[in-house]
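Computed from a predicted structure; not experimentally measured. Starting from 1, each residue takes its place in the sequence as its number.
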Amino acid sequence: MFRAPTATALAISLSLLLASPVPANDGFGGLSATGLHFAQTDAIAMETEDLFISPDRIRVTYTFRNLTDADVTGEVIFPLPPISLQALMTSDFNIHDGDRDNLVNFTATVDGQPVPVTIDRIAVIEPPWDDTRPLSAQYDTPGTDVTAALRAANIPLTIDIKSLTDALFAKTPAERTALTAAGLAEFYDGDPAQGMPAEVWPLWSIVLRHHWTQTFPAGQTLTIAHEYENRPPGGLFYWQHPAEEGWASDYATRYCIDESTSRGLAKRLAPSDGMGIAYNIAYVLRTANSWAGPIGDFRLTLDKGAPENILSLCADGVEKTGPTTFEIRKQDFTPDRDLEILIVTPPPG
């Protein structure tokens with residue numbers, strides 16, 4: 001169902017793991033998504049934004065106009081949310097195995113020409129989880145920067161858990177004490193006689209920021225496009241109609257699941273006793289508010305991936321455009337909330 005969200009729905013932030021009646025290890029973590037960030041400016045307007053979101057891909061094309069008679073130069077930034085190393089150690093995560101510099105294969109073009117993108121990697125201690133914290137805060141204030149401390153301790157800024165824990169176990173007792181005192185790691189000796197191995201827990205998260213320096217020519221338009229792999233969280237999903245459990249009511253509010261959609265979910269998942277796979281896609285739209293004025297022409301295309309999948313979100317003006325696609329168009333659009341999209345698939349086979 002597509003309708004304007006209630007105040008309750010807007011207050012619910014995305015959790016890294018799927019909230020469901022099954023154990024947490026049946027869910028998988030993932031990343032929320034966003035667009036390009038730029039320092040707050042009245043000089044550059046976003047004339048158009050064409051956004052495509054599917055379970056595995058995000059593409060965005062923007063047309064910007066410099067409203068002034070002078071060139072404007074600044075840093076264009078595409079950040080990823082913090083990646084919790086503890087989450088990587090305790091649950092499956094919707095990213096590829098190991099590590100790589102360009103984690104989500106981010107690419108960008110300006111007026112059709114590829115641009116070289118710098119990727120910075122920092123480490124942060126995230127604030128305690130807060131249900132009322134807006135999704136955009138992951139990008140604006142991800143946490144306390146501990147990059148320098150880790151580099152000084154010769155600890156790699158990697159999400160490869162094996163190489164990271166090897167590096168931490170290699171530390172001397174004095175070094176381990178210093179890391180513990182700094183709130184960076186916790187070490188446990190274990191008990192070999194009881195079959196309990198030693199453990200180490202890194203307490204920081206990794207943030208990747210893609211960026212490049214961009215000049216917007218005086219009085220002219222510029223087309224910037226970027227795309228990357230979508231890696232949303234999700235996991236096993238159970239649904240029955242009517243939805244009676246508390247978590248199901250929360251889901252219905254968060255994703256505007258109405259009577260018709262609830263019946264559709266139950267019918268689609270009936271052959272598997274109500275079980276399926278859910279993807280919880282979150283996309284921060286409000287970064288567009290850093291540009292001058294509203295978005296002149298906004299188009300959102302949603303692709304649910306397969307005709308048998310079911311999609312639900314809180315939004316107005318959604319039109320079905322194909323077997324798997326839906327479209328939203330807005331004129332002079334100022335985003336006042338971010339997108340939270342539920343896609344439910346029947347189980348494989």
Side-chain angles (χ1 to χ4, degrees), residues 31-53 57-82 101-122 124 134-143 145 147 207-230 282-301 328-339:
L31 307 176
S32 62
T34 188
L36 297 179
H37 292 221
F38 195 77
Q40 187 72 42
T41 178
D42 292 324
I44 309 297
M46 186 185 295
E47 292 194 336
T48 69
E49 178 177 357
D50 190 349
L51 169 60
F52 170 88
I53 298 176
R57 201 78 189 160
I58 291 179
R59 297 193 301 268
V60 197
T61 301
Y62 309 90
T63 301
F64 295 104
R65 179 177 293 276
N66 184 341
L67 302 176
T68 74
D69 57 3
D71 289 356
V72 175
T73 299
E75 206 70 5
V76 176
I77 302 171
F78 169 75
L80 291 180
D101 290 338
N102 194 350
L103 189 64
V104 294
N105 282 327
F106 177 86
T107 61
T109 63
V110 176
D111 283 343
Q113 298 301 310
V115 294
V117 176
T118 300
I119 304 175
D120 294 334
R121 187 173 289 217
I122 66 171
V124 300
L135 187 61
S136 58
Q138 295 181 82
Y139 305 95
D140 299 334
T141 54
D145 192 331
T147 308
V207 175
L208 279 76
R209 288 179 174 154
H210 310 68
H211 62 96
W212 72 92
T213 302
Q214 183 62 55
T215 296
F216 298 83
Q220 297 182 34
T221 61
L222 201 66
T223 299
I224 298 180
H226 68 83
E227 63 178 290
Y228 55 98
E229 297 171 4
N230 194 13
Y283 188 92
V284 178
L285 275 177
R286 283 176 285 184
T287 57
N289 293 343
S290 62
W291 309 91
I295 305 168
D297 183 5
F298 173 78
R299 179 172 73 170
L300 168 63
T301 301
I328 299 172
R329 298 294 295 263
K330 302 283 185 182
Q331 302 295 318
D332 296 325
F333 177 50
T334 300
D336 60 1
R337 67 177 185 269
D338 300 317
L339 292 171

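By the 4.5 Å heavy-atom criterion applied to side chains, I295 and P335 are counted as neighbours. Using a 4.5 Å cut-off on side-chain heavy atoms (C-beta onward), W212 and I224 make contact. Counting heavy atoms from C-beta outward, I119 and R121 have side chains that stay 4.5 Å or more apart. Side-chain contact between W291 and T41 is present, with at least one heavy-atom pair separated by less than 4.5 Å. The side-chain heavy atoms of I58 and V104, taken from C-beta on, include no pair separated by under 4.5 Å. By the 4.5 Å heavy-atom criterion applied to side chains, H226 and V117 are not counted as neighbours.
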### Message
With side chain to side chain contact (heavy atoms under 4.5 Å, CB included) as the criterion, how do V60 and Y283 come out once you've worked through the C-alpha distance, each side chain's angles and the decisive distance to 0.1 Å?
### Response
CA-CA 12 Å; V60 197; Y283 188 92; 3.7 Å; yes

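E227 is linked by a side-chain hydrogen bond (donor to acceptor under 3.5 Å, both in side chains) to R57, counting only residues two or more places apart in sequence or in another chain. For T118, there are no side-chain hydrogen bond (donor to acceptor under 3.5 Å, both in side chains) partners two or more places apart in sequence or in a different chain. In terms of the ring-ring contact (aromatic ring centres under 6.0 Å, His included) criterion, residue partners of H210 (sequence neighbours excluded) are, by chain and number, F78, F106. Take F298 and apply the ring-ring contact (aromatic ring centres under 6.0 Å, His included) test, not counting sequence neighbours, and it matches F333. Legend: residues meeting salt bridge (Lys or Arg N to Asp or Glu O under 4.0 Å) with R209, ordered by chain and number and at least two apart, are absent.
The distance from atom CD of E49 to atom OG1 of T63, rounded to the nearest 0.5 Å, is 10.5 Å. The line from NE2 of H211 to CD of E75 is 5.5 Å long, rounded to the nearest 0.5 Å. If you take CG on D145 and CD1 on I122, they are separated by 5.0 Å, rounding to the nearest 0.5 Å. For the atom pair CD of E47 and CG of L67, the computed distance is 8.0 Å after rounding to the nearest 0.5 Å. Rounded to the nearest 0.5 angstrom, T68 OG1 and I44 CD1 are separated by 6.5 Å. Separation of atoms CG (L300) and CZ (F52) is listed at 10.0 Å; rounding is to 0.5 Å.
Contact detail for A43 and A292: the closest heavy-atom pair is N-CB, 4.3 Å. Here the shortest heavy-atom pairing between G112 and T109 reads C-CB, 4.0 Å. When all heavy atoms of D69 and A218 are compared, the closest pair comes out as C-CB, 3.4 Å. In plain terms, the two heavy atoms of V207 and V124 that are nearest each other are CG2-CG2, 4.0 Å. Taking all atoms of both residues into account, the shortest heavy-atom contact from T61 to A225 is OG1-CB, 3.7 Å. Scanning both residues, N66 and A70, for their nearest heavy atoms gives ND2-O, 2.9 Å.
Residue pairs meeting the salt bridge (charged side-chain N to carboxylate O under 4.0 Å, His left out) criterion with at least one partner in residues 107-120, sequence neighbours excluded, do not occur; the list is empty.
Under the 3.5 Å distance criterion, the side-chain polar atoms of D338 are matched with a main-chain donor or acceptor of L285.
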